[in-house]
Amino acid sequence: MAFLMKSMLSNQVKNLGLGGGGEENKEESTPSDPAAAAGMTREEYEEYQKQMVEEKMERDAAFAQKKAERACLRVHLREKYRLPKSELDENQIQMAGDDVGLPEDLQKMVAEDQEEEEDKDSILGQLQNIQNMDMDAIKEKAQATFTEIKQAAEQKCSVM
């Protein structure tokens, strides 16, 4: 009820001309030219707008490059661990262009990982793994497997 009274009274007061001139003053005080609003000449304002657009394009290009580098890293990790490929990553790499690669620090890490894996795959790496094995556990597994095979053969063959 109070809202209704307030709106009716304010409308009547505005019609009398006592409080209704505030809106007209706002329209007159704001200039229609954005250059004048910024306190620049038209040429300065246009140059400023061009610079803003160029800076935005550079930021967007740098952002797309970073996204593509991250996507490249994810693709590399997916290949390494044989995970399914992602179309989103491939699209990001294609959008950035052919000059996408892993950053230098990540390339060093990948190279170190590959060297470690190659060392493990070599004969010397396998010999080192043999030293780390628990021979008693291997013997127990072999004997258990042999007894299982022997029992399965005895059940199937009447001669044994």
Minimum side-chain heavy-atom gap Q51-E47 below 4.5 Å: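 Q51 reaches E47 side chain to side chain.
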I93 side chain near V75 side chain, heavy-atom distance below 4.5 Å: yes
Test log, rule side-chain contact (heavy atoms from CB on, under 4.5 Å), inputs E55 and M52: CA-CA 5 Å; E55 289 175 4; M52 294 298 289; 4.3 Å; yes
Within this structure, what is the [atom1]-[atom2] distance for the pair [X] and [Y], rounded to the nearest 0.5 Å?
{"X": "K150", "Y": "Q143", "atom1": "NZ", "atom2": "CD", "answer": "12.0 Å"}
{"X": "I138", "Y": "E140", "atom1": "CD1", "atom2": "CD", "answer": "10.5 Å"}
{"X": "Q92", "Y": "R70", "atom1": "CD", "atom2": "CZ", "answer": "9.0 Å"}
{"X": "K139", "Y": "F146", "atom1": "NZ", "atom2": "CZ", "answer": "16.0 Å"}
{"X": "C72", "Y": "Q65", "atom1": "SG", "atom2": "CD", "answer": "10.0 Å"}
{"X": "E154", "Y": "T147", "atom1": "CD", "atom2": "OG1", "answer": "10.5 Å"}

Test side-chain hydrogen bond (donor to acceptor under 3.5 Å, both in side chains) applied to Q49 and Y45, step by step: CA-CA 6 Å; Q49 289 296 324; Y45 185 74; 3.3 Å; yes
Side-chain donor or acceptor of Q155 paired with backbone N/O of A152 under 3.5 Å: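 Pair absent, no side-chain N/O of Q155 close to backbone of A152.
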Derivation of the side-chain contact (heavy atoms from CB on, under 4.5 Å) call for R42 and E46: CA-CA 6 Å; R42 187 77 171 158; E46 289 175 1; 3.9 Å; yes
Whether over 12 other heavy atoms sit under 6.0 Å from E87 CD: no
K80 atom NZ: more than 12 heavy-atom contacts under 6.0 Å: yes
Residues D89 and R78 bridged, charged N to O under 4.0 Å: yes
Cluster overlap L73 with L88, hydrophobic side-chain contacts below 4.5 Å: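 L73 and L88: separate clusters.
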